[in-house]
Amino acid sequence: MSFLPRHLGPDAAETRTMLETVGAADLDELVARAVPATIATDRPLDLPAPLSEHEALTALRRTAAKNRVMTQMIGQGYADTVTPPALRRNILENPAWYTSYTPYQPEISQGRLEALLTFQNAVMDLTGLDLANASLLDEATAVAEAVLMMQRSNRRSTSRRVVVDSRSLPQTLAVLRGRCRAVGVELVVADLTEGLPEGDAFGVVLAQVGVDGDVASLEDLVEQARARGAFVTVSTDLLALTLLRPPGEQGADIAVGSAQRFGVPLFFGGPHAAFIACRKGLERNLPGRLVGVSVDSSGRPAYRLALQTREQHIRREKATSNICTAQALLAIVAGAYAAYHGPEGLRAIAERVHGLAARLAAGLAAAGTTVVHDRFFDTVLAEVPGRADEVVAAAAERGINVRRADADHVSVSVGEPHDEDDVDAVLAAFGASSPEAGAAAGELPAELLRTDDYLTHPVFTTHRSETAMMRWLRALADKDLALDRTMIPLGSCTMKLNAAAEMEPISWPEFASIHPLAPEDQTEGWRELVGQLESWLAEITGYTAVSVQPNAGSQGELAGLLAIRRYHLSRGDRQRKTILIPSSAHGTNAASAVLADLKVVVVATAGDGSVDMDDLAAKIEAVGDELAGIMITYPSTHGVFEAQVTDVCAAVHDAGGQVYVDGANLNALMGLARPGRFGGDVSHLNLHKTFCIPHGGGGPGVGPVAVAEHLVPFLPDDPAVSADETDAFPVSQARYGSAGVLPISWMYIAMTGAEGLTASARTAILSANYVSARLADVFPTLYNGPGNLVAHECILDLRALTKASGITAEDVCKRLVDYGFHAPTLAFPVAGTLMVEPTESENLAELDRFVDAMRAIHAEMTAVAEGEVTAEDSVLRRAPHTAEVLTADEWDRPYPRSQAAYPLPELRLAKYWAPVGRVENAAGDRHLVCSCPPIEAFAVDAPASAGEAIETGAVETAR
Ligand SMILES: *Cc1c(COP(=O)(O)O)cnc(C)c1O
């Protein structure tokens with residue numbers, strides 16, 4: 001059985017019906033009319049023939065078998081851990097969790113918002129700081145974000161220097177070097193054992209636990225930094241913090257690190273959730289997404305994303321960061337891990353890990369081997385003059401990977417799965433024997449230890465049995481709408497099928513249990529998979545080479561823009577620092593440009609939604625030889641194939657600029673046109689859109705960067721080998737970024753092949769045009785391209801009816817919840833509109849269900865426009881309706897309850913009940929609460945006091 005019919009929604013008969021509605025004889029004709037001839041590809045993609053699900057899994061098993069699973073004691077930012085089966089099965093392998101979208105619509109996202117809040121709460125408690133966000137992409141980029149955050153928020157300092165602890169992880173230093181160089185921050189990497197180096201600095205980064213395992217006391221350095229007016233970031237380890245004094249208590253402004261060891265597999269380097277926490281006062285500069293607590297229309301507690309006014313989709317080049325997709329699913333796992341083990345459980349794991357490290361140290365010392373640091377948590381550094389390679393090899397013979405620090409030193413990191421036998425095998429590799437019982441080592445002095453309570457909220461004690469955990473996770477998932485319940489028609493997000501066969505391999509130990517720094521002879525399978533995937537993506541996009549290193553679209557943008565910048569520099573064009581970006585661009589484009597030290601000039605949109613060619617010419621003229629390039633999205637975020645795209649590219653090339661094609665919309669192009677052939681020099685792709693990696697409630701993602709021949713030398717560098725190179729630019733801490741989820745995209749391409757990818761794109765175009773045609777008489781599509789057709793998405797223009805009725809596009813989104821739908825993309829790229837992207841995976845019945853809902857909503861809006869009811873009292877403005885509101889003994893609304901709950905008859909058979917009413921955003925931003933609210937806030941009989949209960953402990957935010 002071929003996989004393609006499983007992936008595509010419409011079958012042959014449905015396709016015919018849809019073509020009829022759109023007015024095309026067949027798919028060939030539709031595509032020929034929609035896709036401009038100037039860009040259409042002249043040959044089919046050259047990819048291997050498609051495999052069935054079973055065949056593809058068999059082939060991939062063969063590849064996986066070329067990796068060698070070892071006991072992983074390398075450490076260096078990645079600790080071996082145990083993913084509790086209850087979390088693996090109920091979260092990581094559960095479509096209710098992994099197919100959900102970023103919680104921008106809070107009413108249908110309460111479950112994942114609560115899970116992310118649990119993560120934030122755990123991070124805040126363990127770091128001893130006031131606020132934490134809902135994850136960053138990896139530890140190294142989190143440190144880079146923290147540095148930029150210190151620079152932004154330390155208004156009193158005029159310094160451009162940051163001092164960084166030389167004990168930081170090498171991959172952190174590698175990423176930081178590139179990022180600081182790109183924006184002109186002077187980075188001073190210094191040994192801080194004797195204090196801070198001379199000179200000014202806006203910030204200092206301290207490592208609480210160094211790469212060699214030594215635990216530092218922070219207070220003196222924090223004080224010195226304070227005295228110089230510098231802010232302090234501390235990189236740290238969440239498990240160690242169950243024992244160690246938290247950075248917040250020692251005066252840190254910011255703490256960062258990786259939450260990987262809270263139950264997330266090594267995954268050959270990622271995806272892992274990084275965390276960032278800060279003290280109050282810095283919240284408006286905090287990068288990434290932040291979950292906060294507010295109240296709903298009934299006064300009950302409700303969660304939602306807070307302070308979105310900091311983010312790139314609103315602030316563009318003035319945003320706090322370019323991070324959009326982060327690591328939500330992995331943060332959810334880490335938060336659930338904290339809830340499952342609770343404070344005593346985590347402390348017990350930490351003590352066991354520390355005890356095993358102490359056993360190792362005692363055994364080494366007894367054998368006369370020098371243990372370099374006596375204050376360690378889980379990592380022991382041994383001095384073995386001239387013998388490091390020999391010890392590493394002897395350990396490998398015993399099935400264990402340890403870290404070669406240099407020719408004379410080996411470090412060993414203990415993780416949760418390890419036991420005394422592992423430690424004794426390592427000792428044998430050193431030529432030492434097991435220590436005698438009672439031999440003491442590694443006792444940490446009291447001044448380093450914490451004495452306070454943490455994880456005291458009931459969420460960290462009530463889900464400790466597996467039954468309780470299973471039901472909590474189920475109860476949370478039941479509150480949410482994910483792809484396992486309904487289509488998610490979010491424009492630009494490509495919420496297509498994430499097939500089970502694509503997902504399965506990511507849990508195989510041969511992929512999941514490989515350390516990113518394992519020797520090459522143990523990772524042949526991984527490198528084969530990456531090589532194949534990169535070459536397939538190069539073929540699909542028409543570029544010369546691809547790097548999968550960027551772990552989100554935003555990071556692919558940064559990598560691509562840095563490639564452009566470095567290319568110009570290599571030719572002596574230092575002045576080429578201005579990038580043109582059309583006004584319709586995604587907010588990350590402008591935010592990424594800033595991180596590459598490029599100046600943004602906006603190009604206007606013409607009346608038909610395309611790039612305004614006159615304005616483009618004027619801007620190119622005005623910018624002159626400072627033009628670095630242009631960043632366009634194709635097909636544009638206006639949902640159309642712009643016929644003049646080749647002219648746009650030519651105009652920029654003629655002026656000496658490079659063309660960046662944002663490839664987030666590649667789903668409309670696969671097999672039909674190749675950006676590398678119609679004018680692009682560089683693109684990023686979003687594997688979590690076009691290539692089936694699920695969104696996971698806001699991540700993980702993969703944003704490969706693809707480049708033409710002349711930009712190949714400027715692809716992201718390997719963070720492991722580039723640490724000392726002065727012009728290297730890694731964009732993630734691991735060479736292959738979020739490698740762990742790459743098997744998903746590999747499976748999709750292997751199972752669909754050239755024909756299937758092309759069929760995906762063609763069907764996606766058909767589906768968008770079908771929705772557009774069926775709604776044309778009620779909600780006209782704002783922009784149509786060639787052939788009066790849209791690409792793979794359409795912008796529904798509500799503005800006329802909004803003007804007549806007062807009912808906004810946001811009201812429509814909330815009302816769609818009552819109909820059981822996730823809203824389309826709201827107000828992007830045009831205010832007052834909804835952007836619909838059905839994807840190829842929805843069948844005709846589901847598309848019609850959506851169309852019926854939208855038409856019914858149109859009728860409801862019309863009733864308001866005609867004065868039958870005011871906007872304020874309408875079923876739209878009061879949406880969504882909870883069961884509690886609808887079953888209350890009192891009912892004073894001008895519409896019947898049945899209209900609120902069952903506006904279409906089918907809803908009586910299958911109904912999604914919103915767990916909360918409309919969520920108040922402004923109130924939640926004024927009193928920012930980013931931890932789990934006290935139980936009293938949920939008192940059933942007193943919703944009115946919820947607000948008060950929540951506000952205890954709120955961070956009052958100043959504008
Ligand atoms: C999604 C998207 C991005 C950003 O990608 P992330 O993976 O979320 O960082 C950039 N541009 C466009 C057009 C997008 O749709």
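Both ligands and their constituent atoms are indexed starting at 1 by order of listing. Residue indices begin at 1 and follow the sequence shown.
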> Is a side-chain N or O of E837 found less than 3.5 angstrom from the main chain of S492, in a donor-acceptor match?
Replying inline: yes

>> Please report whether the ring centroid of Y634 lies less than 6.0 Å from that of F678.
In response: yes

>> Name the residue from H313, H638, H586 that meets the ring-ring contact (aromatic ring centres under 6.0 Å, His included) definition with F828.
In response: H586

> Do H695 and Y98 have their ring centres less than 6.0 Å from each other?
Replying inline: no

>> Working to the nearest 0.5 angstrom, can you tell me the gap between Q171 CD and R735 CZ?
In response: 14.0 Å

> With Y104, which of R289, R304, H822, Q308 fulfils side chain to side chain donor-acceptor pair (under 3.5 Å)?
Replying inline: R289

Enumerate, one pair per line, all nitrogen or oxygen atoms of ligand 1 lying under 3.5 Å from a protein nitrogen or oxygen, stating the separation to 0.1 Å; write 'none' if no such pair exists.
{"unit_1": "ligand 1", "atom_1": "5 (O)", "unit_2": "N686", "atom_2": "ND2", "d": "3.0"}
{"unit_1": "ligand 1", "atom_1": "7 (O)", "unit_2": "T325", "atom_2": "OG1", "d": "3.3"}
{"unit_1": "ligand 1", "atom_1": "7 (O)", "unit_2": "G553", "atom_2": "N", "d": "2.7"}
{"unit_1": "ligand 1", "atom_1": "7 (O)", "unit_2": "N686", "atom_2": "ND2", "d": "3.2"}
{"unit_1": "ligand 1", "atom_1": "7 (O)", "unit_2": "H688", "atom_2": "NE2", "d": "2.7"}
{"unit_1": "ligand 1", "atom_1": "8 (O)", "unit_2": "T325", "atom_2": "N", "d": "3.2"}
{"unit_1": "ligand 1", "atom_1": "8 (O)", "unit_2": "T325", "atom_2": "OG1", "d": "2.6"}
{"unit_1": "ligand 1", "atom_1": "9 (O)", "unit_2": "G553", "atom_2": "N", "d": "3.3"}
{"unit_1": "ligand 1", "atom_1": "9 (O)", "unit_2": "S554", "atom_2": "N", "d": "2.8"}
{"unit_1": "ligand 1", "atom_1": "11 (N)", "unit_2": "D662", "atom_2": "OD2", "d": "2.6"}
{"unit_1": "ligand 1", "atom_1": "15 (O)", "unit_2": "S492", "atom_2": "O", "d": "3.2"}
{"unit_1": "ligand 1", "atom_1": "15 (O)", "unit_2": "S492", "atom_2": "OG", "d": "2.6"}
{"unit_1": "ligand 1", "atom_1": "15 (O)", "unit_2": "K689", "atom_2": "NZ", "d": "2.7"}

